[in-house]
Chemist: 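Take this structure first; my questions come after.
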Amino acid sequence: MPELPEVEVTRRSFGPRIEGARITGVRLGKPLRWPLGCDAQALIGQTIGATTRRGKYLWLPLDRGGLLMHLGMSGSLQFSPLPLAPPGAHDHFDLVTSRGTLRMTDPRRFGAVLWSPALDRDPAAALLAGLGIEPFDTGFDGAYLHAALRARRGSVKTILLGGDVVVGAGNIYACEALFAAGIDPRTRGLRLSRPRCARLATALRDTLAAALTLGGSTLRDFRDAHGAAGGFQHVARVYGRAGEPCTLCGTAVRRIVQGQRATYFCPHCQRR
DNA sequence: CGGGACGCCTGTGAGC
DNA sequence: TGCTCACAGGCGTCCC
């Protein structure tokens, strides 16, 4: 589910409201990807700072260390100043605070809540170490992308998904950005010219920005921390549209598999 | 080191 | 209706 826009939309929807709150209780459900990494009771009494995001990770700083959160494939967070309903089968983490409760729901449990002594110390540091540049960083442009792709033999779609060159694009936005840039997703990184890299950098930023404005994509169950659905799925040009006509040229959108993930593209508008 | 496959886990929809 | 199978928004790990 959650790619950069969904994670950022989630952050904005609860971060400011929980900042300054004091933790009064912690409830753990079924195991997520990793154990919490600390005694849950040790979190009680600590104050939450300003929530930040790096790639698709969220960081909630505490008085002692902080919590690194990831929504995995099916995770979402909700925040309410009022007591929440009793936890359901997929509610695996409740952070009860003086301002309200933050709850992580994640049916597939690929998500994570992990305590770390600091963002730049393990385990957080190890998880963030290989991440590429933020797409909204001013350093992310055609020159950067061109230099980063120069030695890469893999397909540009797979590279975008990898997150080690630039973070934030998952399957939806990688497909959509490549469509917007007119680039065939099978094109090898090292084959992309500097001008096409510039187009791709712009396309990725614009695609993610549009998704942010629309509150992310709700294909099935994504909601922000207040329960609001996203709207980007209504403006997607290729994702999930196999066989349907391209909105630009009418050619049937194709679905192929790259790295065991579905890729959607227009074989006419997107060129190698 | 780059690249590709695997596995984590559950829900859903299609097809029989 | 009920069953089986393919597939789903991510990513750490392992192997070549």
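For clarity, every value in this text was computed on a predicted model and none was experimentally measured. In what follows, chains carry the letters A, B, and so on, assigned in the order in which the sequence lines appear, proteins first and then strands, with residues in each chain numbered from 1.
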Chemist: B/dG4, OP1 or OP2 - any side-chain N/O from A/Arg153 closer than 4.0 Å?
Modeler: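 For B/dG4, OP1/OP2 do not have a side-chain N/O of A/Arg153 under 4.0 Å.
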
Chemist: Just N and O in the side chain of A/Tyr239: are any of them under 4.0 Å from OP1 or OP2 of C/dG9?
Modeler: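 It does, given that an N or O in the side chain of A/Tyr239 lies less than 4.0 Å from OP1 or OP2 of C/dG9.
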
Chemist: Side chains of A/Arg237 and A/Thr247 only: does a donor on one sit below 3.5 Å from an acceptor on the other?
Modeler: yes

Chemist: Would you call A/Asp91-A/Arg103 a salt bridge at under 4.0 Å N-O?
Modeler: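 Salt bridge: yes.
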
Chemist: Of the listed nucleotides (C/dG10, C/dC7, B/dG4), which one gets closest to any side-chain atom of A/Arg33?
Modeler: C/dG10

Chemist: Quick one: which of B/dC6, C/dG9, C/dG12 gets closest to the side chain of A/Ile172?
Modeler: C/dG9

Chemist: Give, ordered by number, those residues of residues 106-127 of chain A having at least one heavy-atom distance below 4.0 Å to an atom of DNA chain B; if nothing qualifies, reply none.
Modeler: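 DNA chain B contact set from residues 106-127 of chain A: A/Pro107, A/Arg108, A/Arg109, A/Phe110.
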
Chemist: Does atom NE2 of A/His268 have more than 12 heavy-atom neighbours from other groups under 6.0 Å away?
Modeler: no

Chemist: Check whether any side-chain N or O of A/Ser155 sits under 3.5 Å from a backbone N or O of A/Arg186 as a donor-acceptor pair, and report yes or no.
Modeler: no

Chemist: Applying the side chain to side chain contact (heavy atoms under 4.5 Å, CB included) criterion to A/Pro185, which one of A/Thr158, A/Val238, A/Leu178 satisfies it?
Modeler: A/Leu178

Chemist: Can you figure out which of C/dG9, C/dG12, B/dG4 approaches the side chain of A/Thr158 most closely?
Modeler: B/dG4

Chemist: Checking the side chain of A/Thr218 only, and the main-chain atoms of A/Gly230 only, is there a donor and an acceptor separated by less than 3.5 Å?
Modeler: yes

Chemist: Say you pick atom P in C/dC14 and the same atom in B/dC9; how far apart are they, in whole Å?
Modeler: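 Between the two P atoms, the distance is 16 Å.
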
Chemist: Could you check whether any side-chain N or O of A/Gln46 sits under 3.5 Å from a backbone N or O of A/Arg64, counting only pairs where one atom can act as donor and the other as acceptor?
Modeler: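 Checked: pair present.
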
Chemist: Round to a whole Å and report the spacing from CG of A/Leu71 to P of C/dG12.
Modeler: 14 Å

Chemist: What is the distance, to the nearest angstrom, from the CG atom on A/Asp91 to the C1' atom on B/dT10?
Modeler: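 From A/Asp91 CG to B/dT10 C1': 14 Å.
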
Chemist: I want to confirm an ordering. Mapping A/Arg188 and A/Arg220 to their closest nucleotides on DNA chain B, which one lands closer to the 5' end?
Modeler: A/Arg188

Chemist: Can you tell me the distance, in whole Å, between the CD atom of A/Glu6 and the P atom of C/dG10?
Modeler: 9 Å

Chemist: Test: salt bridge (Lys or Arg N to Asp or Glu O under 4.0 Å). Region: residues 116-145 of chain A. Which pairs qualify, not counting sequence neighbours?
Modeler: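 Residue pairs with at least one partner in residues 116-145 of chain A: A/Arg53-A/Glu134, A/Arg54-A/Glu134.
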
Chemist: What do you reckon, is CZ of A/Arg191 surrounded by more than 12 foreign heavy atoms closer than 6.0 Å?
Modeler: no

Chemist: With a 4.0 Å limit, can you tell me whether A/Tyr264 has a side-chain N or O closer than that to the phosphate oxygens OP1/OP2 of C/dG9?
Modeler: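 So the side-chain polar atoms of A/Tyr264 never come under 4.0 Å of the phosphate oxygens OP1 or OP2 of C/dG9.
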
Chemist: Just to be sure I understand the rule, does A/Phe232 reach a base, reach only the sugar-phosphate, or reach nothing, if contact means heavy atoms closer than 4.0 Å?
Modeler: nothing

Chemist: So, is A/Arg261 close to the C/dG10 phosphate, meaning a side-chain N or O under 4.0 Å from OP1 or OP2?
Modeler: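 Yes.
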
Chemist: Starting the side chain at C-beta, find the nucleotide from C/dG12, B/dA5, B/dG3 nearest to A/Arg152.
Modeler: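 Closest nucleotide to the A/Arg152 side chain: B/dG3.
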
Chemist: Write down the distance between CG (A/Asp164) and P (B/dG3), rounded to a whole number of angstrom.
Modeler: 9 Å

Chemist: From C/dG10, C/dG9, B/dG3, pick the nucleotide closest to the side chain of A/His70?
Modeler: C/dG10

Chemist: Work out how far the P atom of C/dA6 is from that of B/dC6, and round it to whole angstrom.
Modeler: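 Approximately 14 Å lies between the P atom of C/dA6 and that of B/dC6.
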
Chemist: Taking the side chain of A/Ala262 as its heavy atoms from C-beta onward, which of B/dT10, B/dA5, C/dA8 lies nearest to it?
Modeler: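 Side chain of A/Ala262 sits closest to C/dA8.
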
Chemist: Counting a pair only when it is Watson-Crick or G-U and both distances are under 3.5 Å, which runs of at least 3 such pairs involve DNA chain C?
Modeler: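 Looking at DNA chain C, the stems formed by three or more consecutive pairs are B:2-8 with C:10-16, B:10-16 with C:2-8.
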
Chemist: Could you state the atom-to-atom distance from OH of A/Tyr173 to P of C/dG10 in whole Å?
Modeler: 10 Å

Chemist: Please determine, for the side chain of A/Glu3, which listed nucleotide (C/dG10, B/dC6, B/dG4) has the closest atom?
Modeler: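 Out of C/dG10, B/dC6, B/dG4, the nucleotide with an atom closest to A/Glu3's side chain is C/dG10.
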
Chemist: Flag the pair A/Tyr173 / A/Phe232 as yes when their ring centroid distance falls below 6.0 Å, and as no otherwise.
Modeler: yes

Chemist: Nearest-Å distance, CD (A/Gln258) to P (B/dA5)?
Modeler: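 In whole Å, B/dA5 P and A/Gln258 CD are 11 Å from each other.
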
Chemist: We want to know whether A/Asp224 and A/Thr10 form a side-chain donor-acceptor pair, criterion being a heavy-atom distance below 3.5 angstrom.
Modeler: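 No, no side-chain donor-acceptor contact under 3.5 Å.
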
Chemist: Within this structure, what is the CD-to-P distance between A/Gln260 and C/dC11, rounded to whole angstrom?
Modeler: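 After rounding, the gap between these two atoms is 16 Å.
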
Chemist: Take atom CG of A/Asp221 and atom P of B/dG11, then tell me their distance rounded to the nearest Å.
Modeler: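 The answer, rounded to whole Å, is 11 Å.
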
